[in-house]
Every structure is written in C-alpha cells, then in structure tokens.
Amino acid sequence: MTVPSPRKLIIAIDGPAGVGKSTIASRLARKLGYVNLESGAMYRALALKAIEWDASFDDEEALLKMAQDSRIKLDATLGGNRVLLNGKDISARIRERDVTEAASRVSVHPKVREWMVARQREMGIGGGVVMEGRDIGTKVFPDADLKIFLDADPVIREQRRLDQQRVKGAPAETMAAELRERDRRDRTRAASPLVAAEDAVLIDSTKMREDEVLHRIEELVERQLAARR
Ligand code: DC
C-alpha cells in the first residue's frame, strides 16, 4: 500500500522593508525544496517599465495597461529571484534606488494590485512555495498553510538595509528617511495596507540572528507537515 505524500505547503511571509524577508524566504525554500517567490519584484518590474516609458506613477489606468501588456517572470534561483521583463533580465536594475521608490508608489493602486494578486495566485496555487511580500497572508493566499509576519525595530531594519546597500547607497540619513516613507506608504495605503493576518505567527527579529529566525520558521513548517501526515 502506498501512503499518499502530504501536499506541499503554501507559506506566506509578510513584513516591512528591511526585515530580512527575502533572505529568510530564499533559505527556507531551498531547505524545503520549494520555490521562493518575491512578490515585491513584480511591483518593481512594473515600476521600472513606468520609469522607462516616462509614465506617471499616479496614473492607475496607464499602469494597469502597462502591467497587462508585460510579461513579468520570476525565476527562483539559489541566490534569490531572477526577474525577467518581456524576456530581459532586470534583476539588478530593479534593486536600484529610483525603482525602489517608484515601486512603493505604483503599488498603492487597487487595480494594479488586483492584477498582481491574480498573477501571484497563479504562480503559487500548486503549493510548494514560499511567497514573500506585504499582503500574501491577507490577500494573495488568505488560506495559506502557514503565515509568518516578520517584524523588527525600525532602527534595526534601517541598519540592515544600509549594510546591504552600502556600496552604491546614498547618505545614511537619506536612505533611512526613504525607508520610513515607504513604510508609511505601505501601512497607510487604502488598498491592502501592510498588516499582519489575524492567524499569522508574529516573529520579532529585532534581537534574533537570521539562523534563529529560520529555525523558528522551520519548526512551524514541521508542525504543519506533521499535522498532515
Ligand atoms: O519587498 P520589496 O521591497 O521588493 O517591495 C517593493 C515594493 O512593492 C514595496 O514598496 C512594497 C510593494 N509591495 C506590495 O505592495 N505588496 C507586495 N506583496 C510586495 C511588495
């Protein structure tokens, strides 16, 4: 008799910028043999297109049309997501400062979000995914098998971002102010603001090492898998 193997999970990791979601999600996915999908990269891809086409970040209809006319692809690799826009690798470009700022602005629009959420559902619906973002547990996969809300003190998040971007970064105060403004926008926008889902497990990583956070999430995953056996 063959014992059916448990369905692969959908794991949602949400939280603010600079909290270390991408690294954790990518390491977790690698350990589980799952695919890691960075939903923010899709907003960044659209933002880059808007920059290249000189479109207004406030024009919701134009942005939606641009999204509909684009092929945005996330390829999970060992080092994180490779992002393709109409076949072109834009992975490095979308991490730059102008795109980061623009992504924060294009992601406030409800119609843009609706389009993104539909694509993200298509990508993750089969399970075996760790998807990270701001609204994965609340909107994209409200029935996710495991929801994590990763948080950390703003000062720590600013420091982590600075460490990541030291080479090409702007002055520290400017970057910290920009991060705070993006945070404010994420948390106060009318459409899907950044909030923890009611059934999310909150992890405050302010005083935790990356390995500790990963270990804690692995325990939660193991519990979920065990409950399915
Ligand atoms: O996670 P990130 O920094 O790459 O995200 C880029 C922007 O996209 C960020 O300003 C917030 C927004 N975003 C969002 O609104 N919803 C998501 N699920 C992911 C990102």
Side-chain angles (χ1 to χ4, degrees), residues 10-26 36-51 57-58 60 63-64 66-67 70 72 74 76 79-83 85 90-124 129-142 144 147-152 154 157-158 160-162 164-165 169 175-197 200 205:
I10 296 178
I11 302 173
I13 303 187
D14 289 300
V19 78
K21 293 187 302 292
S22 301
T23 321
I24 293 288
S26 150
N36 161 227
L37 296 170
E38 274 179 58
S39 63
M42 298 180 67
Y43 291 96
R44 287 173 181 268
L46 177 62
L48 174 60
K49 187 163 179 182
I51 291 172
F57 305 140
D58 300 323
E60 180 168 18
L63 291 166
L64 173 64
M66 267 185 199
S70 307
I72 301 173
L74 302 184
N81 278 186
R82 198 165 74 103
V83 188
L85 177 61
I90 53 165
S91 316
R93 176 68 181 96
I94 58 167
R95 302 290 157 199
E96 289 178 21
R97 221 172 126 210
D98 58 338
V99 181
T100 300
E101 170 61 19
S104 164
R105 293 183 53 189
V106 304
S107 62
V108 302
H109 300 296
K111 289 182 184 170
V112 169
R113 302 198 65 83
E114 224 172 275
W115 186 88
M116 293 285 179
V117 166
R119 302 289 83 69
Q120 289 155 6
R121 283 190 185 137
E122 287 166 6
M123 288 191 251
V129 290
V130 182
M131 192 176 286
E132 54 107 343
R134 307 289 190 286
D135 61 345
I136 310 305
T138 51
K139 287 282 170 190
V140 181
F141 288 115
K147 301 180 187 178
I148 306 290
F149 193 89
L150 198 53
D151 210 346
R157 292 191 286 113
E158 283 160 21
R160 288 180 189 163
R161 261 296 136 92
L162 278 176
Q164 271 172 3
Q165 300 180 348
M175 288 189 58
E178 287 174 354
L179 184 119
R180 274 196 296 275
E181 173 54 20
R182 289 200 304 279
D183 244 10
R184 190 199 58 76
R185 215 177 272 139
D186 279 349
R187 291 179 199 268
T188 59
R189 69 182 170 222
S192 316
L194 171 67
V195 283
S205 71

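Whatever order the structure lists ligands and atoms in, that order sets their numbers, starting from 1. Every value quoted in this text rests on a predicted model; they were computed, and no experiment measured them.
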Hey, what polar pairs (N/O, under 3.5 Å) does ligand 1 make with protein?
{"from": "ligand 1", "atom 1": "1 (O)", "to": "Arg134", "atom 2": "NH1", "distance (Å)": "2.8"}
{"from": "ligand 1", "atom 1": "1 (O)", "to": "Arg134", "atom 2": "NH2", "distance (Å)": "3.4"}
{"from": "ligand 1", "atom 1": "3 (O)", "to": "Arg44", "atom 2": "NH2", "distance (Å)": "2.9"}
{"from": "ligand 1", "atom 1": "3 (O)", "to": "Arg134", "atom 2": "NH2", "distance (Å)": "3.4"}
{"from": "ligand 1", "atom 1": "4 (O)", "to": "Arg44", "atom 2": "NE", "distance (Å)": "2.6"}
{"from": "ligand 1", "atom 1": "4 (O)", "to": "Arg44", "atom 2": "NH2", "distance (Å)": "3.4"}
{"from": "ligand 1", "atom 1": "15 (O)", "to": "Arg113", "atom 2": "NH1", "distance (Å)": "2.7"}
{"from": "ligand 1", "atom 1": "15 (O)", "to": "Arg113", "atom 2": "NH2", "distance (Å)": "3.3"}
{"from": "ligand 1", "atom 1": "15 (O)", "to": "Arg189", "atom 2": "NH1", "distance (Å)": "2.9"}
{"from": "ligand 1", "atom 1": "15 (O)", "to": "Arg189", "atom 2": "NH2", "distance (Å)": "3.1"}
{"from": "ligand 1", "atom 1": "16 (N)", "to": "Arg113", "atom 2": "NH2", "distance (Å)": "3.1"}
{"from": "ligand 1", "atom 1": "18 (N)", "to": "Ser39", "atom 2": "OG", "distance (Å)": "2.9"}
{"from": "ligand 1", "atom 1": "18 (N)", "to": "Arg134", "atom 2": "N", "distance (Å)": "3.1"}
{"from": "ligand 1", "atom 1": "18 (N)", "to": "Asp135", "atom 2": "OD1", "distance (Å)": "2.8"}

Cationic N near anionic O, under 4.0 Å, Lys147 to Asp14: no

Asp135 vs Arg113 side-chain heavy atoms within contact, under 4.5 Å: yes

Electrostatic pair Lys111:Glu114 at N-O distance under 4.0 angstrom: no

Arg134 and Asp183 ion-paired at < 4.0 Å: no

Arg161 with Glu158: basic N within carboxylate O range, under 4.0 Å: no

Side-chain ion pair, Glu101 and Arg97, N-O less than 4.0 Å: no

